[in-house]
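Predicted model, so just to flag it, every value in this text is computed and none were measured.
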Amino acid sequence: MNPLLMSFFEDYVGDALSHGDFASMLRATESYLFRRSVCDVATNSLNKFFSSVIARLNAVRDDGGNIREAYEAILLGEEGTARRMPSDAEFERALRTRDCYAFKRGFYLLTTLENSWHAKPLNALASAEWREMLGDDCERVYEELINTLGNLTLTAYNSELSDVPSRGRRRTSRAASTRAAW
């Protein structure tokens with residue numbers, strides 16, 4: 001990975017890449033790696049892959065081609081191989097169902113989405129109001145959804161929000177953010 005990023009930087013410093021293309025390639029790399037991580041796609045072949053990408057991009061640069069376009073084409077052209085970029089559908093499915101609480105990159109995921117907390121608290125089943133909101137099959141619903149992305153949020157107000165039911169959480173959250181603004 002580091003040799004690939006250094007190669008990008010050398011091309012940027014050497015004026016083979018514009019600032020915009022350099023930034024776009026860094027974002028594409030971040031997206032590629034993060035999508036693979038969220039979708040649990042193995043990473044054991046990436047060092048060899050990135051070495052081959054460097055050689056291919058050097059050839060594009062030497063031929064006067066567009067390095068950014070070539071890089072994006074390389075990433076997207078690996079469909080059906082161990083080096084593939086997960087599709088939007090696969091990524092969305094993984095985000096909806098993944099246990100994000102135990103996910104190694106969960107903090108990164110949540111911090112890129114702003115402040116977070118458990119929308120349904122960890123002790124939700126202890127509250128009659130939460131059990132009622134979750135429905136007749138509350139234990140299954142709770143286990144299925146408690147650590148998914150749709151239920152996790154980062155916040156500086158975890159202790160204030162705690163096990164407060166959702167209507168109260170909105171009030172408490174607004175009050176806390178109003179105090180923070182002062």
Side-chain angles (χ1 to χ4, degrees), residues 1-119 145-158 173-174 176-178 180-181:
M1 169 55 37
N2 287 339
L4 178 69
L5 298 178
M6 292 306 296
S7 173
F8 293 170
F9 184 70
E10 287 171 4
D11 284 341
Y12 170 63
V13 170
D15 291 329
L17 285 174
S18 69
H19 181 269
D21 283 349
F22 177 61
S24 178
M25 291 171 72
L26 293 175
R27 282 190 304 272
T29 304
E30 177 184 34
S31 176
Y32 175 76
L33 294 171
F34 189 66
R35 281 173 173 255
R36 289 175 60 88
S37 181
V38 168
C39 295
D40 275 332
V41 179
T43 60
N44 55 345
S45 66
L46 291 184
N47 284 338
K48 289 180 183 176
F49 172 60
F50 287 139
S51 292
S52 74
V53 169
I54 293 168
R56 292 160 71 183
L57 293 178
N58 286 343
V60 168
R61 181 195 59 229
D62 294 346
D63 290 342
N66 186 306
I67 299 169
R68 181 193 50 79
E69 288 177 4
Y71 180 60
E72 291 168 356
I74 290 168
L75 292 181
L76 295 174
E78 295 297 322
E79 189 175 334
T81 73
R83 299 168 305 276
R84 69 186 173 74
M85 165 83 88
S87 69
D88 289 347
E90 181 182 5
F91 184 60
E92 181 179 339
R93 187 172 46 256
L95 280 176
R96 288 179 185 269
T97 59
R98 174 135 198 155
D99 180 344
C100 292
Y101 194 72
F103 177 43
K104 286 183 193 177
R105 306 282 186 265
F107 184 78
Y108 170 79
L109 171 64
L110 295 173
T111 56
T112 60
L113 298 175
E114 295 295 329
N115 291 332
S116 299
W117 44 287
H118 273 90
L145 300 177
I146 191 66
N147 290 327
T148 60
L149 179 61
N151 190 48
L152 289 179
T153 315
L154 293 174
T155 182
Y157 306 105
N158 273 342
S173 182
R174 271 197 297 271
S177 58
T178 302

> Can you name the closest pair of heavy atoms from Thr97 and Arg93 and give their distance?
Replying inline: OG1-O, 2.9 Å
>> Run the salt bridge (charged side-chain N to carboxylate O under 4.0 Å, His left out) test against Glu10 and tell me which residues pass, sequence neighbours left out.
In response: none
> Who are the side chain to side chain donor-acceptor pair (under 3.5 Å) partners of Asn58, not counting sequence neighbours?
Replying inline: Arg61
>> Would the distance check show the side chain of Arg83 and the main-chain N or O of Leu46 forming a donor-acceptor pair, the cut-off being under 3.5 Å?
In response: no
>> For the CD atom on Glu79, are there more than 12 heavy atoms of other groups (residues, nucleotides or ligands in this structure) within a distance under 6.0 Å?
In response: no
>> Within this structure, what is the CG-CG distance for the pair Asp11 and Asp21, rounded to the nearest 0.5 Å?
In response: 10.5 Å
>> Check whether Ser31 reaches the backbone of Arg27 with its side chain - one donor and one acceptor, N or O, closer than 3.5 Å.
In response: no
> Which pair of heavy atoms, one from Arg35 and one from Asp88, lies closest together, and at what distance?
Replying inline: NH2-OD1, 2.7 Å
>> Can you list everything that forms a side chain to side chain donor-acceptor pair (under 3.5 Å) with Glu92? Sequence neighbours excluded, please.
In response: Arg96
> Closest approach of Ile67 and Leu57, non-hydrogen atoms and distance?
Replying inline: O-CD2, 3.7 Å
>> Rounded at 0.5 Å granularity, tell me how far CZ in Phe8 sits from CE in Met25.
In response: 3.5 Å
> Does the side-chain contact (heavy atoms from CB on, under 4.5 Å) test come out yes or no for Thr29 and Tyr71, once each step is laid out?
Replying inline: CA-CA 9 Å; Thr29 304; Tyr71 180 60; 2.6 Å; yes
> How far does CZ of Phe50 sit from CG of Asn2, to the nearest 0.5 angstrom?
Replying inline: 10.5 Å
>> I want to check something: taking the side chain as every heavy atom from C-beta on, are Phe9 and Leu5 in contact at a cut-off of under 4.5 Å?
In response: no
> Which pair of non-hydrogen atoms, one from Ala28 and one from Leu75, has the smallest distance, and what is that distance?
Replying inline: O-CD1, 4.1 Å
> Who passes ring-ring contact (aromatic ring centres under 6.0 Å, His included) against Tyr32, sequence neighbours left out?
Replying inline: none
>> Holding to side chain to side chain donor-acceptor pair (under 3.5 Å), I want the full list of residues that pass it with Asp63, two or more places apart in sequence or in another chain.
In response: none
> Looking at Val41 and Pro86, what are the two nearest heavy atoms and their distance?
Replying inline: CG2-CG, 4.1 Å
>> Run the side chain to side chain donor-acceptor pair (under 3.5 Å) test against Glu72 and tell me which residues pass, sequence neighbours left out.
In response: Ser24, Arg68
> OG of Ser52 to CG of Leu4: how many Å apart, nearest 0.5 Å?
Replying inline: 9.5 Å
>> Within this structure, what is the CZ-SG distance for the pair Arg84 and Cys39, rounded to the nearest 0.5 Å?
In response: 7.0 Å
